[in-house]
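Sending over a structure as structure tokens; questions will come in a sec.
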Amino acid sequence: MDSTQTIFKHIEEKCRKKNIPFAAVLELTAHCNLSCSHCFKVSENRPELTYDEITDVLDQLAALGTFVVGYSGGEVFCRPDLFDILTYARQKGFLQVLLTNGTLITPESASFLQKIKPRDVEISLLGARPETHDGITGVRGSFEKTVAAIKLLVEKNIYVITKTVLMKSNVYECDRIKALSRKLGAHPRFGTGILPRFDGSTQPQEQKITWEDRKHFLEDVVLDKSFLMRVKDDEKDFLVCKAGKCFACISPYGDVCPCVLLPIKLGNIREKSFRKIWYDPDNAVLKELRGLKSSDLEQCFACDMKNICDRCAGSAYLEHNNLRAPASSACEDARWKKYLLQVKDAQESY
């Protein structure tokens, strides 16, 4: 971790202790030009925030000390006033992160982003071949457009992260996706967690990779043992995430939630200011999130894999309607880390 990251982690921790929204995600629109099979979002028949409402939210976040603003959707480039929003936020001094599928990025928009200087742009890369990627997005030609967008942004010296959800239809291409991302000049990231849809449907989770998939295709994953060192004796909340503490999300309709993955509505900025919602002393959800300790998560705290678990409160809530329950994807990933450690230890003993 370089000095800049260390400073940011320090600031983030200070914000967490004081419930300052260090980072906020603005979901600019529910509209999307793709139809990804694993998507957990559900559109609602409600008016989306206007440009004036979004800039007002940015003013409020700046006043509360927010450092980072992320933009997601839907697809952010479906929003016709996106450039105006990004320009305004840059003038407010935010670090900006864009989450996009990349298919609507043009040479002109790449040049604009070069001037805006976002911290990074995160692009979904779901396969190493058109057949795989397009099969997941449901739109023919999306792979070529996504790859072209990555090239455009890298040429403009923009830091690009490719994000890949591994599922049954693409896990066999994991190594090839990683190689393609690096060849394009991007930085690959992979995840295995697939959430239920916000309407309760578990259909996306039918695409989860199996244990045999992991052993067959992910055996060469480089394991960083440093995660075993992150739990200190005096750290009481290592199983508890930062949602509702220093992370926040605002939906396209103005609903304030603790996190993108935790769609519990705390209030709406069309009815109350963000400050009043965020610091409402009577909000039961915020009280629970901010008061939780690892020891309160009885099943997780008793687990022998707790020190290597990246538990997600959002996944737990969507699966069990319970903020204190285990999250199946986190359990599976922790089990995988444990397995890899055992394999590595066995190899080193020879």
Side-chain angles (χ1 to χ4, degrees), residues 25-45 48 70-83 97-110 112-113 120-155 158 160-174 176-181 183-199 201-209 251-252 260-261:
V25 173
L26 299 185
E27 296 181 319
L28 296 181
T29 181
H31 299 292
C32 187
N33 60 322
L34 301 183
S35 184
C36 295
S37 57
H38 62 293
C39 183
F40 53 84
K41 292 291 185 177
V42 177
S43 296
E44 301 179 38
N45 186 25
E48 297 187 346
Y71 306 96
S72 70
E75 169 49 47
V76 293
F77 281 89
C78 285
R79 179 101 190 189
D81 56 1
L82 175 63
F83 292 179
V97 177
L98 278 76
L99 288 75
T100 174
N101 60 48
T103 58
L104 300 178
I105 292 177
T106 63
E108 292 73 24
S109 53
F112 169 80
L113 291 176
D120 56 67
V121 176
E122 301 181 3
I123 296 183
S124 300
L125 182 62
L126 301 171
R129 303 176 304 133
E131 295 85 351
T132 306
H133 182 95
D134 296 358
I136 294 170
T137 66
V139 176
R140 183 176 296 178
S142 58
F143 174 79
E144 293 180 0
K145 291 179 180 178
T146 293
V147 168
I150 296 170
K151 289 179 179 177
L152 279 173
L153 296 178
V154 170
E155 287 172 1
I158 295 170
V160 177
I161 295 170
T162 58
K163 299 182 77 171
T164 307
V165 177
L166 294 173
M167 54 192 95
K168 292 177 181 178
S169 54
N170 68 2
V171 64
Y172 66 94
E173 288 187 354
C174 179
R176 293 174 62 185
I177 295 170
K178 184 189 301 182
L180 173 61
S181 176
K183 181 181 178 181
L184 294 171
H187 306 267
R189 287 186 188 171
F190 296 90
T192 58
I194 301 179
L195 296 173
R197 279 206 298 265
F198 283 2
D199 61 4
S201 170
T202 58
Q203 185 175 355
Q205 293 185 300
E206 295 173 4
Q207 302 177 74
K208 280 187 173 184
I209 62 173
S251 82
V260 175
L261 305 181

Original post:
Where do C32 and G74 come nearest, in terms of heavy atoms and distance?
Top reply: CB-CA, 4.1 Å

**OP:** Could you tell me the separation between the OG atom of S43 and the CZ atom of F198, rounded to the nearest 0.5 Å?
**Re:** 11.5 Å

Original post:
Under the 3.5 angstrom rule, does the side chain of N170 hit a backbone N or O of G127 as a donor-acceptor pair?
Top reply: no

Original post:
Which atom names give the shortest non-hydrogen contact between L99 and V76, and what distance separates them?
Top reply: O-CG2, 3.7 Å

Original post:
Of Q207, K208, E206, which is the lone residue that meets side-chain contact (heavy atoms from CB on, under 4.5 Å) with H38?
Top reply: Q207

**OP:** Decide yes or no for N101 and L126: does some side-chain heavy atom of the first lie under 4.5 Å from some side-chain heavy atom of the second?
**Re:** no

Subject >> Exam field: side chain R79 to backbone L28, donor-acceptor pair closer than 3.5 Å >> reply: yes

Original post:
Rounded to the nearest 0.5 Å, how far does OG of S181 lie from CD1 of I161?
Top reply: 9.5 Å

Subject >> Under 3.5 Å side-chain donor-acceptor pair for E75 and T100 >> reply: yes

Original post:
Nearest 0.5 Å, what's the NZ-CZ distance between K183 and R176?
Top reply: 11.5 Å

Original post:
Distance from I158 atom CD1 to I105 atom CD1, nearest 0.5 Å?
Top reply: 8.0 Å

Original post:
In Å and rounded to the nearest 0.5 Å, what is the CD to NE2 distance from E173 to H133?
Top reply: 11.0 Å

**OP:** Taking all non-hydrogen atoms of both residues into account, name the closest pair between E27 and S251 and its distance.
**Re:** OE1-CA, 3.4 Å

**OP:** Please report the C-alpha distance between L125 and F143 in whole Å, then the side-chain angles of each, then the deciding distance to 0.1 Å, and finally whether the side chain to side chain contact (heavy atoms under 4.5 Å, CB included) criterion is met.
**Re:** CA-CA 8 Å; L125 182 62; F143 174 79; 4.2 Å; yes

**OP:** Verify side chain to side chain contact (heavy atoms under 4.5 Å, CB included) between V139 and T103, making sure each step is shown before the conclusion.
**Re:** CA-CA 10 Å; V139 176; T103 58; over 6 Å; no

**OP:** Look at atom CD of E44 and say whether more than 12 heavy atoms of other residues, nucleotides or ligands are closer to it than 6.0 Å.
**Re:** yes

Original post:
Which heavy atom of C78 sits nearest a heavy atom of T29, and at what distance?
Top reply: CB-CG2, 4.4 Å

Original post:
Which word best sums up how the rings of F83 and F77 line up, parallel for under 30°, tilted for 30 to 60°, or perpendicular for over 60°?
Top reply: perpendicular

**OP:** Go through the structure and list residues passing side chain to side chain donor-acceptor pair (under 3.5 Å) with S72, not counting sequence neighbours.
**Re:** none

**OP:** Mark yes when over 12 heavy atoms from residues, nucleotides or ligands other than R140 sit less than 6.0 Å from its CZ; otherwise mark no.
**Re:** no

Subject >> Point-to-point distance, once rounded to the nearest 0.5 Å, from CG of L34 to NZ of K145 >> reply: 9.0 Å

Original post:
Is a donor on one side and an acceptor on the other found under 3.5 Å between the side chain of D134 and the backbone of G141?
Top reply: yes

Original post:
Taking side chain as C-beta onward, heavy atoms only, is L152 less than 4.5 Å from P107?
Top reply: yes

Original post:
Does S109 use its side chain to pair, donor to acceptor, with the backbone of T106 at less than 3.5 Å?
Top reply: yes

Original post:
Can you tell me if T164 uses its side chain to pair, donor with acceptor, with the backbone of L166 under 3.5 Å?
Top reply: no

**OP:** Could you tell me which non-hydrogen atom of I150 sits nearest to which non-hydrogen atom of A186, and how far apart they are?
**Re:** CG2-CB, 4.1 Å

**OP:** Check whether any side-chain heavy atom of L153 lies under 4.5 Å from a side-chain heavy atom of I123, and answer yes or no.
**Re:** yes

Original post:
Under 3.5 Å, is there a donor-acceptor pair between the side chain of T146 and the main chain of S142?
Top reply: yes

**OP:** Heavy atoms only: give me the nearest C39-R197 pair and the separation to one decimal.
**Re:** O-CG, 3.3 Å

**OP:** For the pair K41 and L195, evaluate side chain to side chain contact (heavy atoms under 4.5 Å, CB included) and give the outcome as yes or no after the intermediate values.
**Re:** CA-CA 10 Å; K41 292 291 185 177; L195 296 173; over 6 Å; no

